[in-house]
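Have a look at the structure below, then the notes.
Letters A, B, ... mirror the listed sequences (proteins, then strands); counts begin at 1. Fair warning: this is a prediction, and the values are worked out from it, not measured in the lab.
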Amino acid sequence: MGAEPINIIWLEGQGCTGCTISLTNSSMPGIADILTGVIEPVSNINLVFHPAVMAPWGDKAIKILKDAENGAYDPFVLVLEGAIPDEGRAGDGFWCMVGEENGEVYTLNYWVDSLAGRAAAAVAVGACATYGGVPHGEPNPTGAHGLLDHLGEDWKSKLGLPVVCIPGCPPAGDWITQSLGALVLAIRDLAPLPELDESHRPKFLFGRLAHDNCPRAGYYSEGQFAESFGEQFCVVGLGCKGLISYCPAPAGGWINRAGGCPTFGSPCLGCTEPEFPDAPLSPFLKPPDGVVMTKTIIKRILGGIYQAYSLQKGGGKHE
Amino acid sequence: MSNSKTIFIEPMTRIEGHLGVRVDIDVDKRVVVDAHSTGVMFRGFEKIMEGRDPPDAIWISQRICGVCPTPHAIASAEALDMALNVSPPPMAILLRNLADAFEIIYDHTLHWFQLSGPDYSEAIVKERNPSWMKAAQEFTAENKDVHGFPSVGDIMKAMVPLQGSLWLESIGFQRTAKECLVMVAGKYPHLATVIPGGITVSTTIGRAQEMLFRFLELVPWVKKMVYMAEDVFRFLEEMGYEKVGERRANLISYGAGEDPELYDAKYENMDEWGVAREVTPGVVIDGELVTNKLTDIHLGVQEFVTHSFYDEWDGREVERDPLGNEVSPRHPWNKDTKPKPTKIDWNSKYSWVTAPRWVYRGKVHVVETGPIARMWTTAASKKVEGSTGSSLKFVLPKTNIAGLSQALNDELELEWKIPDRVNVIERLRARIYYLAYMTGVAYGEILKTLDYMKKGKMEVFREFERPKWSLGVGLTEAGRGALGHWIIVKDGKIYRYQVVTPSNFNASPKDGEGRRGPYEEALLDTPILEEGDAESWEGVDVVRTIRSMDPCLACGVTVYKGGRKVEKVIGG
């Protein structure tokens, strides 16, 4: 007995294809595992439309979206990569075109509005599709916004699900495959629906601050702060936003568990947060408010305690 | 003209971003007689960058493109090294080079298997060129003992998107290349660690080994790709594909891969450190190399908006470069973006892409960029080991990986020869050989990293300034070709930030004197080999031509929006 098919329609708006590239970085599960239906519960998942990998082009590609409008691909999960512009500000032109028919332009907005109503679930992948991302950055020349704003907090899919947001610029591939996998298992009644936080992010991924996941957090509590790039200590004083951003990357890595931003001495940019790339996350090298004072307090009190411990081993500050 | 057919292709799938291409075909002669290319998505990056803290440009400008963020990071970092007056330490430069090489290994594999490759897979060939499929099945793959596919038809079956064994397998190898990349970058796509003045983390002997042993898995894979691709190219030549996508050899490359001892980010020394790169900068006009100097090359870049939806701009922020050379009012340092949307008129304004051209000694040249350009300039210039003036020779190292054929483990000597034409096949071939060349470069860089560790040269960062006024330029090679970032810093903030991407060159419309852009030139006179009656043509020769230049429209579209005959916008 094969699983009922679930189709995926992946649209790209004002994006950079980085989320798609990240999807190909996935390993647990990997995108190839999903496409080949490596195991029964996640078999029969069909990527019916994806502009960067699909075989057809032009009219034949657009026909798939038109057929989807008429129910040919039900049930489908609508995935959006990239932001949605405000076409009302584009005069008689447009900001983002996806196909045409006899000289009439289809905008991204047309397809989002038309397909969302039929979708079993709607998933926003990446900073742009969730909350607007860089195109939404000041002064937001095109009125770019994310799917959550576009459809609304209270919007529900045909299956009664709210917009699911997988933020990050881009999200790690495994965040995408694991979130989509969780939805598929839930739709097939094999697992519970993933719980979402108030920004509609799955809590199993975004339940902890980057700081709480960071291998350098120990240095923070010891009062050991990097004063310049290239040092091994906590980089909060160099601008890291890990204290105000929810992200699993510092512990879980980016590809096959390798990598991690502050893990590699780079300040967290807060790319999983709705305000990215604006304040309070940027300027990226400016520490979050209050950090200078906190650093001093921690250094004075906790740093002293750490020194006391290390003296037991006959050492001071380690290299 | 009674028997003509117009095909408008939008979306052009299997590229990065949103591109439309319109061609007019003479059905009787089976040839393309006119072509226009246009991009259809706008975000406004350059406006979003103005007024921000200069270092932020590295992270924001990478978001222009998620397929090729590494060269954006490097071009931005070099523009900022220069503008913020800092020379990064050698270890940082080596690590930046490594990130760049690893990206090419993944990116060119992606192009061959996911973007362009499917056009040569059974899925497309059996529909668009059915007679080829039979021929391919009978066409013995010369390298079958190495890669295991008896005929070219078998290779074509394995390349079918989403299900072919090579298509699926290639995803895993790309991931391995990107795992190597995050050993330097911390994160990918969109690198975390690259900053003005260097990089945020040095390597360790542990991390270097993690990188090296992941990398070694890639080496036999790259060899296998070269062997397979050569079999496919032989078949395409047999099918008479030489004239498809042909244009004259006017090519531009900025070069890539800095010499860690020479690169100091100083404009005054740019020609010296530029020519020492692993990939040699240069411009080729009608097949002849005319310069290797980065100053000549970047000062020659001028943007035209005659056929684009912009007003001409006034004002000239920069009259002379730091060496006293004149800077054109059309140079990116002087460019002010003044969008003016109008309906498309194919005889007048029809694209939001500007038309960058290369101007040298008073003459305006339409230049194409990409792997064929950089292989050509590197082979012709005799500046790197293995460059003979007419070819580039290099070696892929021996490995000893269990379960692989001897031929894949053996050292492989390769030679890429400057071809006698620029067409679809030669662009694809140059990309495969550039992938192999960069694999050799990456191996050399990893060994150099170990050597620097041995010498204790572990420093990766030097402090930068935020000057009252300064200029910067960062020039490198993205997967798709020459990528430049230009910055003006005023009062410690970004005053102007301009990016000219490879697809900006290649996808450009006509300029003021009616010269077509490279996509348009390559399509013009292209024969139609698609089978079936004209009614059923979908433009497979057109998409193969465009994809041979690997469009990246998020890059090309840093400053445009637009479309065609916008009579009515649905969903607006």
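- Heavy atoms of S114(A) lying under 4.5 Å from chain B are absent altogether.
- Remark: side-chain polar atoms of T130(A) are paired, donor with acceptor, to backbone N or O of G126(A) under 3.5 angstrom.
- Using a 4.5 Å cut-off between heavy atoms, I7(B) does not touch chain A at all.
- Here the closest non-hydrogen pair linking V236(A) and P287(A) is O-CB, 3.6 Å.
- Of the possible polar contacts, none joining the R43(B) side chain to the T142(A) backbone as a donor-acceptor pair under 3.5 Å is found.
- Options A83(A), G18(A), A226(A) differ in how many heavy-atom pairs under 4.5 Å they form with chain B, and the most are formed by G18(A).
- The main-chain N or O of C261(A) is never found under 3.5 Å from a side-chain atom of S266(A) such that the two would form a donor-acceptor pair.
- Ranked by heavy-atom pairs under 4.5 Å with chain B, the list V134(A), I62(A), L35(A) is led by V134(A).
- Contact annotation for K286(A): neither backbone nor side-chain heavy atoms come within less than 4.5 Å of a heavy atom of chain B.
- For a residue to count as touching a neighbouring chain, one of its non-hydrogen atoms must lie under 4.5 Å from one of that chain's; by this rule L285(A) touches chain B with backbone and side chain alike.
- Neither the backbone nor the side chain of R462(B) comes within less than 4.5 Å of any heavy atom in chain A.
- Neither the backbone nor the side chain of P118(B) comes within contact range of chain A; no heavy atoms are under 4.5 Å apart.
- Per-residue counts of heavy-atom pairs under 4.5 Å with chain B were compared for C268(A), P277(A), P170(A), G230(A); the largest is that of P170(A).
- Most heavy-atom pairs under 4.5 Å with chain A, from the set V67(B), V460(B), L181(B): that is V67(B).
- For I124(B), the part sitting under 4.5 Å from any heavy atom of chain A is the side chain, from C-beta outward, and nothing else.
- Neither the backbone nor the side chain of L108(A) comes within contact range of chain B, judged by heavy atoms closer than 4.5 Å.
- Ranking E169(B), E179(B), E459(B), E210(B) against chain A, the residue ahead of the rest is E179(B), based on heavy-atom pairs under 4.5 Å.
- For W254(A), the part lying under 4.5 angstrom from a heavy atom of chain B is the side chain only.
- Using modelled atom types, one side-chain atom of K241(A) and one backbone atom of G239(A) make a donor-acceptor pair closer than 3.5 Å.
- Within the 3.5 Å criterion, the main-chain N or O of T13(B) finds a donor-acceptor partner in the side chain of R547(B).
- Minimum heavy-atom separation, L281(A) to S245(A): CD2-OG, 3.9 Å.
- A donor-acceptor pair is defined here as one N or O able to donate and one able to accept, closer than 3.5 Å; no such pair exists between the side chain of Q14(A) and the backbone of G82(A).
- Closest non-hydrogen pair, N25(A) versus R175(B), comes out as O-CD, 3.1 Å.
- To the nearest 0.5 Å, atoms CD1 (I84(A)) and CG (N109(A)) are separated by 6.5 Å.
- Using modelled atom types, one side-chain atom of E81(A) and one backbone atom of C19(A) make a donor-acceptor pair closer than 3.5 Å.
- A distance-only check finds a donor-acceptor pair linking the side chain of T193(B) to the backbone of V184(B) [under 3.5 Å].
- Ranked by heavy-atom pairs under 4.5 Å with chain A, the list M49(B), M183(B), R207(B) is led by R207(B).
- With a 4.5 angstrom heavy-atom cutoff, P85(A) does not touch chain B via any of its atoms.
- Contact count against chain A (heavy-atom pairs under 4.5 Å) is highest for I195(B) among I15(B), I195(B), L115(B).
- Relative orientation of the W59(B) and F284(A) rings is perpendicular, given thresholds of 30° and 60° on the angle between their planes.
- Each of G30(A), C169(A), A61(A) has some count of heavy-atom pairs under 4.5 Å with chain B, and the biggest count is that of C169(A).
- Ranked by heavy-atom pairs under 4.5 Å with chain B, the first of I255(A), L238(A), L47(A) is I255(A).
- Using a 4.5 Å cut-off between heavy atoms, A144(A) does not touch chain B at all.
- Contacts with chain A were tallied for R52(B), M12(B), H190(B); R52(B) has the most, counting heavy-atom pairs under 4.5 Å.
- Options Q114(B), R63(B), M458(B) differ in how many heavy-atom pairs under 4.5 Å they form with chain A, and the most are formed by R63(B).
- The choice from P267(A), S228(A), C271(A) that makes the most heavy-atom pairs within less than 4.5 Å of chain B is S228(A).
- Aromatic rings of Y188(B) and F102(B) (six-membered ring for Trp) have centroids beyond the 6.0 Å cut-off, not under it.
- E463(B) touches chain A through its side chain: at least one heavy atom from C-beta onward sits under 4.5 Å away, while N, CA, C and O do not.
- For the residue pair W167(B) and M159(B), the shortest heavy atom distance occurs at CD1-O, 4.1 Å.
- Contact of S22(A) with chain B is made through backbone and side chain together, with heavy-atom distances under 4.5 Å.
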